[in-house]
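Before any comments, here is the structure.
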Amino acid sequence: MNIKKKSISLVLGSGGARGYAHIGVMEELEKKYDIKSISGSSMGALVGGLWACGKLDVYKKWILELDTFDVVKLLDFSFAKGGMLRGDKVIKIIGEMIGDILIEDLPIAFTAVATDIVKQKEVWIQKGKLIDAIRASVAIPTIIKPAKIDNRYLIDGGVLNPLPIAPTISDNTDLTVAVSLTGKSAKTYKINIPKKEKEKKKKMHKTFFDLVDKIDIFSSNHTDSAEENMSMFNVFSRSIDVMQNTILKYKIAGYSPDIILEIPRDACGFYEFNRAYELIELGRVITKKKVE
């Protein structure tokens, strides 16, 4: 006898590299729920958009196969105004995965949340090219250049709404499930990481920081101590976390989800995109414990 799955509206939060955990979360959730709607900010919009168009498996395979040389090639540093990275190389690859599909043609409702930096307002992107919506939502201030859509300059949705529950309020679904990337560190989760992945993570981490040091963008002080590691790079990422965590409290107070999954904010640094494997597994482990 087949038991009908409950339908859910899924809200995917922002939080830099911790957004990789969304992949593990979604892989577990779709075993038990029917995802009918997705709303996401920043990495939440990226992962959610890829899932909505059926390309998340392709993206996951790509990020897990990236080596150090691949990552260096993707870092298209820009010395123009607006951001340290143009972001064109990564977006081009993701665009090739997605194609020219429009949000209104997706099989489920989808909202990418961005921030209009000129008008200082939250923007819900619910139509137009999916890749353009993702590009706007992931434009981290000072790091990735703003996206220009309909004469609006749009940046990371997490600036004003790190967990965009409001776009799902009118959904005709059984439950609203939200995934926050700024959870407290209540416990240590056991993640089994293959030796090969550990070695690759370490090598990619060193290569990235060696590169940014050479172009004098950040301080070379990359220690493990929170007190000592106060480079520009570290201060900026920590500032984003503080800002988003504060905003999140107000958002949840206004729109409370039925289920909230929390990825610990110290699971990795905001920019540690070299830790895809363990973060995907972390998302899977946390979801299993919460919805078992």
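The model shown is predicted, which means the values in this text are computed figures rather than measured ones. Position 1 is the first residue of the sequence; numbering continues from there.
Within the 4.5 Å cutoff, side-chain heavy atoms of His22 are placed close to those of Leu181. At a threshold of 4.5 Å between non-hydrogen side-chain atoms, the residues Ile125 and Leu154 count as touching. By the 4.5 Å heavy-atom criterion applied to side chains, Ile260 and Leu163 are counted as neighbours. By the 4.5 Å heavy-atom criterion applied to side chains, Val90 and Val138 are not counted as neighbours. Taking 4.5 Å as the limit, some side-chain heavy atom of Tyr33 sits within range of a side-chain heavy atom of Ile259. Val177 is listed as a side-chain neighbour of Leu261, based on a closest heavy-atom distance under 4.5 Å. Side-chain contact between Tyr255 and Val11 is absent, with no heavy atoms from C-beta onward closer than 4.5 Å. Contact check for Lys36 versus Asp171: no side-chain heavy atoms found under the 4.5 Å cut-off.
Within a 6.0 Å sphere centred on NZ of Lys5, heavy atoms belonging to other residues, nucleotides or ligands number more than 12. In Asp105, the CG atom is crowded: over 12 heavy atoms of neighbouring residues, nucleotides or ligands sit closer than 6.0 Å. Counting heavy atoms of neighbouring residues, nucleotides and ligands inside a 6.0 Å radius, atom NZ of Lys31 exceeds 12 of them.
In this structure, Asp174 and Lys6 approach most closely via the heavy-atom pair OD2-CA, 3.4 Å. Considering all non-hydrogen atoms of both residues, Ala139 and Pro146 come closest at CB-CA, 4.2 Å. Listed here is the closest heavy atom pair of Arg135 and Ile91: CD-CG1, 3.4 Å. Annotation for Leu279 and Glu272: closest pair CD1-O, 4.5 Å, computed over non-hydrogen atoms. Contact between Cys53 and Leu106 at its shortest, heavy atoms only, is CB-CD2, 3.7 Å. Across all non-hydrogen atoms, the minimal contact from Gly19 to Val47 is O-CG2, 3.8 Å.
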Discussion item. side-chain contact (heavy atoms from CB on, under 4.5 Å) for Lys55 and Glu96? Distances and angles first, verdict last.
Written reply: CA-CA 10 Å; Lys55 299 297 181 180; Glu96 290 171 352; over 6 Å; no

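Remark: the Asp34 side chain and the Ser7 side chain contain no N/O donor-acceptor pair separated by less than 3.5 Å. Residues Thr168 and Ser37 have side chains that never bring a donor and an acceptor to within less than 3.5 angstrom of each other.
Counting side-chain heavy-atom gaps under 4.5 Å among Ile, Leu, Val, Met, Phe, Trp and Tyr, Leu102 is found in no cluster with other residues.
Atom CZ of Arg152 and atom OG1 of Thr115 lie 11.0 Å apart (nearest 0.5 Å). Separation of atoms CG (Leu29) and CD1 (Ile8) is listed at 5.0 Å; rounding is to 0.5 Å. One distance of note links NZ of Lys61 with CG of Asp57; it measures 11.0 Å at 0.5 Å rounding. Taking CH2 from Trp124 and OG from Ser39, the interatomic distance works out to 7.5 Å, rounded to the nearest 0.5 Å. Rounding to the nearest 0.5 Å places NZ of Lys288 at 9.5 Å from NZ of Lys32. Interatomic distance, CD1 of Ile35 versus CD1 of Ile108, reported as 7.0 Å (0.5 Å rounding).
Judged by distance alone, the side chain of Arg18 and the main-chain N or O of Thr182 form no donor-acceptor pair under 3.5 Å.
Connection of Ile117 to Val123 is not established within any shared hydrophobic cluster, with ILVMFWY side chains joined at heavy-atom distances below 4.5 Å, either directly or through further cluster members. Taking hydrophobic clusters as Ile, Leu, Val, Met, Phe, Trp and Tyr residues chained together by side-chain heavy-atom distances below 4.5 Å, Met97 shares a cluster with Met26. Under the 4.5 Å side-chain heavy-atom criterion for Ile, Leu, Val, Met, Phe, Trp and Tyr, Ile103 and Leu12 are members of the same hydrophobic cluster. Following chains of ILVMFWY side-chain contacts shorter than 4.5 Å, one cannot reach Ile149 starting from Val113, and the two form parts of different hydrophobic clusters. Both Leu50 and Phe273 belong to a single network of hydrophobic side chains, linked directly or stepwise wherever heavy atoms of I, L, V, M, F, W or Y lie under 4.5 Å apart.
For Glu28 and Arg284, the salt-bridge test passes: some basic side-chain N is under 4.0 Å from an acidic carboxylate O.
Using the six-membered ring where Trp is involved, Tyr59 and Tyr20 have ring planes that are tilted, between 30° and 60° apart.
Put simply, the residue from Ile38, Leu46, Leu10 that forms a side-chain contact (heavy atoms from CB on, under 4.5 Å) with Trp51 is Ile38. Remark: of the listed residues Ser14, Ser41, Ser137, Ser42, Ser42 is the sole one forming a side chain to side chain donor-acceptor pair (under 3.5 Å) with Asp156.
For Glu262, the side chain to side chain donor-acceptor pair (under 3.5 Å) criterion is met by no residue, not counting sequence neighbours.
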